Undergrad: 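Have a look at this one before I ask anything.
Predicted model only: the values in this text are computed from it and were never measured.
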Amino acid sequence: MTSKKPAGPKSKSGKKQAKSSQAAPAPVKQVRAKPGRQADSPENAPAIPKARTPEVPAVSPALDPADRERLLAGTHHDPHTVLGGHPVPGGVAFRVFRPYAEAVTVVFDDVRAELSDDGEGFFSGLLPLTEVPAYRLLVSYDGTEHETEDPYRFLPTLGELDLHLLGEGRHEELWQALGSRVLTQQGVTGTRFAVWAPNALGVRVAGGFDFWDATGFPMRSLGSTGVWELFVPGVGEGELYKYEITRPDGSRTLRADPMARRTEVPPATSSIVDVSRHEWGDAEWMAHRADRPVHEAPFSVYEVHLPSWRPGLTYRQLAEQLPAYVGDLGFTHVELMPVAEHPFGGSWGYQVTGFYAPTARLGTPDDFKYLVDKLHQAGIGVLMDWVPAHFPRDEWALAEFDGRPLYEHGDPLRAAHPDWGTLEFDFGRREVRNFLVANAVYWCEEFHIDGLRVDAVASMLYLDYSREAGQWTPNEFGGRENLDAVAFLQEMNATVYRRCPGVVTIAEESTAWDGVTRPTHHKGPSGFGGLGFGLKWNMGWMHDSLAYMSHEPVHRKYHHHEMTFSMVYAYSENYVLPISHDEVVHGKRSLVSKMPGDWWQQRANLRAYLAFMWAHPGKQLLFMGQEFAQGAEWSEARGPDWWLLDPAYGAESEHRGVRELVRDLNTAYRATPALWERDTDPAGFEWIVGDAAEDNVFAFLRRDAEGGPLLCVANLSPLARHDYRLGVPDDIPAWHETLNTDLARYGGGDVAGQGTVKPEPQPWHGRPASIRLTLPPLATVWLRPA
């Protein structure tokens, strides 16, 4: 390719001279041998293949004025039909568009044929050939010659099946068809660029290879698909690029590739040609990932914001620390806040511009694969936040991508998200659905992601979400449901579960929508099929339980229902119990700081709450920093307050004690099928006492698939309760305490536990037998059959 950008020859007026395309046929200016041969020697002169005697006069190879003007204006929809080599009466016409070139020579076999300079970067010539040879171009800039391939001699890189699937909006491997991809075409290696821009008058590729002047690299439109394509020989891994799009009004815009798999580090915005060389080492994990359904397996999640977990670490450096830390704490999974590329770090990744690219802030796509690989090798699953609800308005990204609403809805009221200043996707457009469905599959298949937590589902489902009367239009049935979004979510879930065994999708959905985790083919009372998610965040449990815990214990008896109401609907969906980043920012305080009382009581409340949460039906999710009772809110600028665990800090043991409890909770949880085998089965839960409001006591049984029980008792009052009688089944000869959040090593008061207790034949709480326990203050205890 070229190494500098010289100016072409100019007239006295300063404009490049143009030759009329209506002139007589332009023959090849000269034919000469390659260097080292005696071109003026008749016996050494190159032989040009003879052409058939034309039946009609030869035509001019120079471009038609209309084609010439459209190429200069960037509005030609099919440059391959006029550029390159084409059989014409009289031989083969060669036409080349190389702005700033001084001369262009066609080279093949032993032939070197210099083309005529038609001005403004256009060159042409007519060779007496019977067919187009596999030629190359010798291009001169400032007297320096560069030999290169001609992009306009190559066939389209997308086949009929690709085009059919693109037209139908059903290309489940869209990333293989669109975007930039290094490949070998007709024996030549280069990069295929393909982009969907149906409203564009023309699209050209700009990048380092053309000095960011896209004039000479127009793309061709592939029929009715709206896809533009160009194979550029010689362009390879690491090249920066964007698309220059001529909009319907004739103006131009320079856009990043929506399908880019790698980007520059923000605030730079170029896309980068990427080639993956990562060799996966997680075959064992992937082979057994689907052995047990997620909702019947242990599933405790550590939520992480990668850029701030250990600020300054790259993906590869995180891979050396995060698996060890999470594995030591016993979590089964990590959930990564959005890793797709985003321009503003303060959005935490929830305003995405590069849906197919891991953020370059921490490294390359292969570096991110390395992190996922290491987590899998440590036996830890990887979930990631996925944001298909909306996207930001950055002028170099998706907003009005080709000059008109494309990814966003055409109705401004439907397009503008009322809360976040962003744009909502047009879920009713098949190509947009394809973009998002394929994106979900892409993360699971290319990066071995084990689950997608889908953000802001409620904002997708309701046409009137955060909108007042008059700001939204009912659906065709007069309802408020966004039928297009429903269809999209059903398609996405069905596709992911069909293609990616063992992957789970999780809805962050805050309303009482019917059937979020019901299969898509099962209709509910509302008439809708299920959305098809595997799990749903239990936002109701989170709000109610945190509200209860924030009350002073003396007032908790008036709010007892806030801890028990969740069991009224616990089996309406497959739930995750989320204590996420959203609960510890923006003035909401950290988890321990939500608790009432002095510092000791706050930590005791926190420990009791965590053990209650781990025993409650549903999966657990805890945000980073809360596992060691960080007192400050989370900040993406500084991350968790790790200094609290520094042995030199006076209160280090108090924070480390909470972390020790989290480790023991996860250890006991994994070893106790009663806590996870029947998470979605009402037979897996029994209240022992749910109405002891005056005592602030909650007691219940969890049962595994064989009926084996675990007894959880939470005393959320500041008083120790001795000889507290609880009814129990009479088929368990003895109970043994397996967890007590008041132990001294957790930072508790070490009120004597009970060790092993035997039931007495005294009926209590409607049970045939009962036991007497010592309940420490502000503590939760677990007991199992001895």
Undergrad: Looking at every heavy atom in both M337 and E303, which two are closest together, and how far apart are they?
TA: CG-OE2, 3.6 Å

Undergrad: Nearest 0.5 Å please: distance from the CD1 atom of I579 over to the CG atom of L546.
TA: 4.5 Å

Undergrad: Taking the basic N atoms (NZ, or NE/NH1/NH2) and the acidic carboxylate oxygens, is any pair closer than 4.0 Å for E408 and R393?
TA: no

Undergrad: Can the ring centres of Y575 and Y571 be said to be less than 6.0 Å apart?
TA: no

Undergrad: Could you walk me through whether T353 and D394 satisfy the side-chain hydrogen bond (donor to acceptor under 3.5 Å, both in side chains) test, starting with their C-alpha distance in whole Å, then the side-chain angles of each, then the deciding distance to 0.1 Å, before giving a yes or no?
TA: CA-CA 8 Å; T353 49; D394 298 74; over 6 Å; no

Undergrad: How far apart are the C-alpha atoms of D484 and R414, what are their side-chain angles, what is the distance that settles it, and do they pass the side-chain contact (heavy atoms from CB on, under 4.5 Å) test?
TA: CA-CA 12 Å; D484 293 334; R414 291 278 298 272; 3.8 Å; yes

Undergrad: Is Q490 reaching over with its side chain to a backbone N or O of G530, donor-acceptor style, under 3.5 angstrom?
TA: yes

Undergrad: Is it the case that over 12 heavy atoms from other parts of the model lie below 6.0 angstrom from the NZ atom of K588?
TA: yes

Undergrad: Spell out, as yes or no, whether a donor-acceptor pair under 3.5 Å connects the side chain of Q351 to the backbone of P392.
TA: no

Undergrad: Are any of the side-chain heavy atoms of R404 and P198 separated by less than 4.5 Å?
TA: no

Undergrad: Do the ring planes of H305 and W634 sit parallel (below 30°), tilted (30 to 60°) or perpendicular (above 60°)?
TA: perpendicular

Undergrad: Have a look at F368 and tell me which of D373, L336, T359 forms a side-chain contact (heavy atoms from CB on, under 4.5 Å) with it.
TA: L336

Undergrad: Do the ring planes of Y302 and F331 sit parallel (below 30°), tilted (30 to 60°) or perpendicular (above 60°)?
TA: tilted

Undergrad: Is the closest side-chain heavy-atom distance between V504 and L383 below 4.5 Å?
TA: yes

Undergrad: For the side chain of E172 and the backbone of V441, is there at least one donor-acceptor N/O pair under 3.5 Å apart?
TA: no

Undergrad: Are any non-hydrogen side-chain atoms of P709 and R702 less than 4.5 angstrom apart?
TA: no

Undergrad: Checking ring-ring contact (aromatic ring centres under 6.0 Å, His included) for the pair Y315/Y370: CA distance, chi angles, key distance, verdict?
TA: CA-CA 8 Å; Y315 290 128; Y370 180 82; over 10 Å; no

Undergrad: Could you tell me which non-hydrogen atom of K619 sits nearest to which non-hydrogen atom of W676, and how far apart they are?
TA: NZ-O, 3.7 Å

Undergrad: Indicate, with yes or no, if the rings of F528 and W513 have centres closer together than 6.0 Å.
TA: yes

Undergrad: For Q471, is the CD atom crowded, meaning more than 12 foreign heavy atoms sit under 6.0 Å from it?
TA: yes

Undergrad: Side chains of M259 and V195: does their closest heavy-atom pair fall under 4.5 Å?
TA: no

Undergrad: Give me the ring orientation class for F355 and F425: parallel if the planes are under 30° apart, tilted from 30 to 60°, perpendicular past 60°.
TA: perpendicular

Undergrad: For W348 and D385, does a side-chain donor sit closer than 3.5 Å to a side-chain acceptor?
TA: no

Undergrad: Looking at NE2 of H278 and CH2 of W280, how far apart are the two atoms once the value is rounded to the nearest 0.5 Å?
TA: 4.5 Å

Undergrad: Less than 4.5 Å apart, any side-chain heavy atom of D450 and any of W285?
TA: yes

Undergrad: Show, in sequence, the C-alpha distance, side-chain angles and deciding distance for F533 and L489, and conclude whether the side-chain contact (heavy atoms from CB on, under 4.5 Å) test is met.
TA: CA-CA 8 Å; F533 284 94; L489 291 170; 4.0 Å; yes

Undergrad: Got a second to check how far D274's CG is from T364's OG1, nearest 0.5 Å?
TA: 7.0 Å

Undergrad: Of the options W228, Y407, Y243, F401, which is the one that meets W196 in a ring-ring contact (aromatic ring centres under 6.0 Å, His included)?
TA: Y407

Undergrad: Looking only at heavy atoms, what is the nearest atom pair of N475 and E481, with distance?
TA: ND2-O, 2.9 Å

Undergrad: Check for a donor-acceptor pair, side chain of R255 on one end and backbone N or O of A399 on the other, with a separation under 3.5 Å.
TA: yes

Undergrad: Side chains of Y465 and N482: does their closest heavy-atom pair fall under 4.5 Å?
TA: no

Undergrad: Will you find, in the side chains of N493 and T505, an N or O donor that is under 3.5 Å from an N or O acceptor?
TA: yes

Undergrad: How close do L398 and P258 get, heavy atom to heavy atom, and via which atoms?
TA: CD2-CB, 3.6 Å

Undergrad: How are the rings of W541 and Y609 set to each other: parallel, tilted or perpendicular (split at 30° and 60°)?
TA: parallel

Undergrad: Does D282 pair with K369 as a salt bridge, N-O distance under 4.0 Å?
TA: no

Undergrad: Measuring from atom NE2 of H616 to atom CG of L675, what distance do you get when rounded to the nearest 0.5 angstrom?
TA: 12.5 Å

Undergrad: Hey, is the main chain of W175 close enough, under 3.5 Å, to the side chain of R261 for a donor-acceptor pair?
TA: no

Undergrad: Between E491 and R170, which heavy-atom pair has the shortest distance, and what is it?
TA: OE2-NH1, 3.3 Å

Undergrad: Closer than 3.5 angstrom, by distance alone: can the side chain of N434 be matched with the main-chain N or O of H171 as a donor-acceptor pair?
TA: yes

Undergrad: Can any side-chain N or O of S466 pair as donor or acceptor with the backbone N or O of D419 at less than 3.5 Å?
TA: no

Undergrad: Can we call the ring centroids of Y356 and F435 under 6.0 Å apart?
TA: yes

Undergrad: Nearest 0.5 angstrom please: M384 CE to C444 SG, how far?
TA: 8.0 Å

Undergrad: Quick one: does E229's side chain have a donor or acceptor within less than 3.5 Å of a partner on T157's backbone?
TA: yes

Undergrad: Restricting to non-hydrogen atoms, name the atom on G345 and the atom on R361 that form the minimum distance, rounded to 0.1 Å.
TA: N-NH2, 3.6 Å

Undergrad: Passes side-chain contact (heavy atoms from CB on, under 4.5 Å), L371 versus L306? Steps please.
TA: CA-CA 11 Å; L371 171 59; L306 284 178; 3.9 Å; yes

Undergrad: With no hydrogens and no angle check, do the side chains of S459 and H390 hold a donor and an acceptor under 3.5 Å apart?
TA: no

Undergrad: What distance separates S510 OG from H543 NE2, expressed to the nearest 0.5 Å?
TA: 7.5 Å

Undergrad: Hey, does F623 have a side-chain heavy atom less than 4.5 Å from the side chain of L591?
TA: no

Undergrad: With a 4.5 Å heavy-atom cut-off, do D162 and V227 have their side chains touching?
TA: no

Undergrad: Would a distance-only check, ignoring hydrogens and angles, find a side-chain to backbone donor-acceptor pair under 3.5 Å from S271 to D257?
TA: yes

Undergrad: Could you walk me through whether E173 and E446 pass the side-chain contact (heavy atoms from CB on, under 4.5 Å) check?
TA: CA-CA 10 Å; E173 297 181 358; E446 292 291 316; over 6 Å; no

Undergrad: Just by modelled atom types, is the G403 backbone N or O under 3.5 Å from a matching donor or acceptor in the N199 side chain?
TA: no

Undergrad: Within 45 degrees of the axis of the six-membered ring of W537 and under 6.0 Å from its centre: does R453 put its NZ or CZ there?
TA: yes

